[in-house]
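Just so you know, ligand 1 is whichever comes first in the structure, and atom 1 is the first atom listed for that ligand. Note that the structure is predicted; figures quoted are calculated from it, not measured.
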Amino acid sequence: MRIFTFDNSFIRELPGDPEQGPRVRQVDGALHSAVSPAAVSSPHVLAYSVEMASTLGFTPEDIASDDFARTFGGNGLLPGMQPYATNYGGHQFGVWAGQLGDGRAISLGELITEAGQRWELQLKGAGRTPYSRGADGRAVLRSSVREFLCSEAMHHLGVPTTRALSLVTTGDAIERDMFYDGHPRDEPGAIVCRVAPSFIRFGHFELPSSRGDTALLKQLVDFTIRRDFPELEGEGVALYADWFKQVCERTAILMAHWMRVGFVHGVMNTDNMSILGLTIDYGPYGWLEDFDPDWTPNTTDAGRRRYRYGQQPNVAWWNLSRLAGALAPLFDGTEALQAGLDHYAAVYQSHDRAYMSAKLGLETIRDEDMALAQSLHELLHQAEVDMTLFFRGLGDIDLAAPSLEPVWAAFYDDAKREQCAPAFDAWLMQYARRVALDGVPDALRRERMRAVNPRYVLRNYLAQEAIDLAEQGDASGIYALLDVLRRPYEDQPRMERFAGRRPEWARVRAGCSMLSCSS
Ligand code: AMP
Ligand code: MG
């Protein structure tokens, strides 16, 4: 394999832990600890992302080489790599949890591409680190397939996200109690190499701040701005204020995207919030199928539903306020931080409105249009209608003679469809009148709607089918999904089966409708 350029700025410029290796410990005054991936029995590259490989400069021959499987399975390093785990804290389910850190993620270094882009490579599931607490530092194949596929699917949907280069099976079994019900079983282990310009999380700032270590906090903020926000100018508190505002803005845009495509993250703890506004840490996530703002795929959160679909924009605001609290020692007063939070609300609102208007195919958005959207949401909920299929199909309805027929396939329950049909007909008449006001030709409206309403999303049952095959060593399901999800807004001939409603068997099957944090 050719020699890659690494510039490991995080560990070069920020203070590290003097102790090396995975002994579990509290790490004070340092943001990272040197630790190597632990060897696995037989690393095998089950799948990789062609786009990410080519962006990073790995050729198909590189991918096929023993070196690649060794490196991305955690059994070796390429020249220039310097493995480490980072130190962060976080609020989990609303409660301050103290030091968490990369318990099963090990960064290998920051690769600089020939085009000059910086991409940090991070193995997830590569063994114990000082931050593993009581756990094994490993990841099961099912959750690794889910992270690998969704990272790439989100990218192609145009949603900011960390990426994935490779999915390597380890040949080792690991024990998991999938539903925390006292029935652990052995499952195949795997390692995803995920990739992002930065894996810095809100929790990285919260930890030094919680310990009163303002010097370390300041060092991290200065580093983050310099490396990850090079477009920001100025200095001192004004620069910090601009930066916080940027973080708020990116987070707002991310939330608007999640709501647009019907994505539910499932575990929006502050340690799972990227400073770059990327979707990060794919765990018990899911896609809304029958539209329900109270839905969460995460069984661990089923009681309170803190992280349900409709709550995500508010949770992001709450998480940003925790970040603001952590940054407060660097500011004089709270005004600039409050301004950032207000900016979040304004940006979220404007993006949400713009996306809603685009989803409905409207030229401009007025307050009455948001009411129109709201009444549609209520109908979709009441009648158990598939969000993705309905919005995609809405463009096909002939507004000269509106009828629900083109979207019948979006209904999960025929009786509810019949029952709600008059309300839908009334809504469609109102919608047709509204569309007519714009005077946009039908074909153009349809084309615009198709650009924001995906035809293909990574439904949990589709991921589960790919996992079932992967557990037999067969990557064909993964590649079939990667392929179709590469162009989620295009109708693809012979791919209808990936665009269908969730089948009835998947309503109750584990992994399809219910997921736990066990991974
Ligand atoms: P998550 O809920 O996946 O975001 O994880 C929360 C925290 O638990 C992070 O500090 C993780 O690194 C850690 N963690 C989760 N699973 C494991 C594991 N199998 N081994 C070690 N640490 C883990
Ligand atoms: Mg996490």
Side-chain angles (χ1 to χ4, degrees), residues 21-27 31-33 35 37-38 40 74 83-107 122-144 146-148 150-151 161-162 164 170 172-178 180 184-192 194 196 198-207 210 264-276 278-286 296-301 306-307 315 319 322 515-519:
R23 187 185 69 83
V24 171
R25 56 192 181 264
Q26 288 292 305
V27 176
L31 290 161
H32 51 87
S33 306
V35 60
V40 303
Y84 59 95
T86 73
N87 190 11
Y88 57 80
H91 280 83
Q92 297 187 313
F93 297 94
V95 180
W96 174 244
Q99 176 182 304
L100 296 167
D102 291 324
R104 55 168 166 178
I106 296 181
S107 285
Q122 185 177 80
L123 301 185
K124 183 166 176 179
R128 288 198 175 87
T129 77
Y131 310 100
S132 297
R133 293 170 287 157
D136 60 5
R138 294 297 184 187
V140 291
L141 179 58
R142 64 181 152 83
S143 69
S144 305
R146 288 169 48 82
E147 172 136 20
F148 176 80
C150 204
S151 307
T161 179
T162 62
T170 60
D172 297 319
I174 56 186
E175 197 184 72
R176 287 289 182 275
D177 184 356
M178 189 166 163
Y180 305 116
R185 66 175 180 106
D186 274 354
E187 296 191 48
I191 297 175
V192 170
R194 48 184 191 181
S198 169
F199 284 99
I200 296 176
R201 302 148 186 268
F202 291 8
H204 278 107
F205 302 92
E206 289 181 277
L207 185 62
S210 75
V264 189
H265 182 282
V267 199
M268 288 179 70
N269 293 332
T270 56
D271 51 302
N272 290 341
M273 296 291 293
S274 143
I275 204 71
L276 285 180
L278 308 174
T279 313
I280 190 172
D281 274 13
Y282 290 92
Y285 66 82
T296 172
N298 182 1
T299 52
T300 315
D301 187 28
R306 180 182 175 87
Y307 298 139
V315 171
N319 289 345
R322 300 286 76 73
L515 290 144
S516 71
C517 282
S518 149
S519 57

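- Of the inter-residue distances, the one linking Cys150 atom SG with Arg146 atom CZ reads 7.5 Å to the nearest 0.5 angstrom.
- With Thr129 contributing its side chain and Asp102 its backbone, the two residues share a donor-acceptor pair below 3.5 Å.
- A donor atom on one side chain and an acceptor atom on the other are not found under 3.5 Å apart for Tyr282 and Thr162.
- Using a distance-only test at 3.5 Å, with no hydrogens or angles considered, a donor-acceptor pair links the side chain of His265 to the main chain of Ile280.
- Distance from atom 5 (O) of ligand 1 to its nearest protein heavy atom, with residue and atom name: Asp271 OD2, 4.7 Å.
- Distances below 4.0 Å separate heavy atoms of Gly137 from the following atoms of ligand 1: 18 (C), 19 (N), 20 (N), 21 (C).
- For atom 22 (N) of ligand 1, the nearest protein heavy atom is under 4.0 Å away.
- The shell of residues lying under 4.0 angstrom from ligand 1, judged by heavy atoms, includes Gly101.
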What's the verdict on side-chain hydrogen bond (donor to acceptor under 3.5 Å, both in side chains) for Asn269 and Tyr307, showing C-alpha distance, side-chain angles and the deciding distance? CA-CA 9 Å; Asn269 293 332; Tyr307 298 139; 2.6 Å; yes
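- Between Glu187 and Arg142, at least one side-chain N (NZ, or NE/NH1/NH2) sits under 4.0 Å from a carboxylate O, which counts as a salt bridge.
- With a heavy-atom cut-off of 4.0 Å, Asp281 touches ligand 1 through its side chain alone.
- Of all atoms in ligand 1, numbered sequentially from 1 with element shown, those under 4.0 Å from a heavy atom of Arg138 are 19 (N).
- Neither the backbone nor the side chain of Lys124 comes within contact range of ligand 1; no heavy atom lies under 4.0 Å.
- Every N/O-N/O distance between Ala135 and ligand 1 stays at or above 3.5 Å.
- Asp281 contributes atom OD2 as its closest N/O/S atom to the Mg ion (ligand 2).
- Close approach of ligand 1 to Asn272 is summarised as follows: ligand atoms under 4.0 Å from at least one heavy atom of the residue are 4 (O).
- With 2.8 Å as the limit, Asn269 does not count as an N, O or S neighbour of the Mg ion (ligand 2).
- Residue contacts with ligand 1, taken as heavy atom pairs separated by less than 4.0 Å, do not involve Asn269 at all.
- Set against the non-hydrogen atoms of Gln92, the atoms of ligand 1 under 4.0 Å away are 6 (C).
- With respect to Asp281 and Arg201, a salt bridge is recorded, a charged nitrogen being found less than 4.0 Å from a carboxylate O.
- In terms of polar-atom proximity, Tyr131 is not counted as a contact of ligand 1, lacking any N or O under 3.5 Å from an N or O of the ligand.
- Here the two rings, on Phe202 and Tyr88, have centers that are 6.0 Å apart or farther.
- Classification of Arg322 and Asp271 as a salt-bridged pair fails, no side-chain N sitting under 4.0 Å from a carboxylate O.
- No donor-acceptor contact under 3.5 angstrom links the side chains of Thr296 and Asn298, judged on distance only.
- Taking atom 12 (O) of ligand 1 as the reference point, the nearest protein heavy-atom neighbour is Gly103 N, 2.7 Å.
- With ligand atoms numbered from 1 in the order given, ligand 1 contributes 19 (N) to contacts under 4.0 Å with heavy atoms of Arg176.
- Selection from Arg104, Arg133, Arg128, Arg201 by nearest heavy atom to atom 13 (C) of ligand 1 gives Arg133.
- Side-chain contact annotation: Ser519 with Arg104, donor-acceptor N/O pair under 3.5 Å present.
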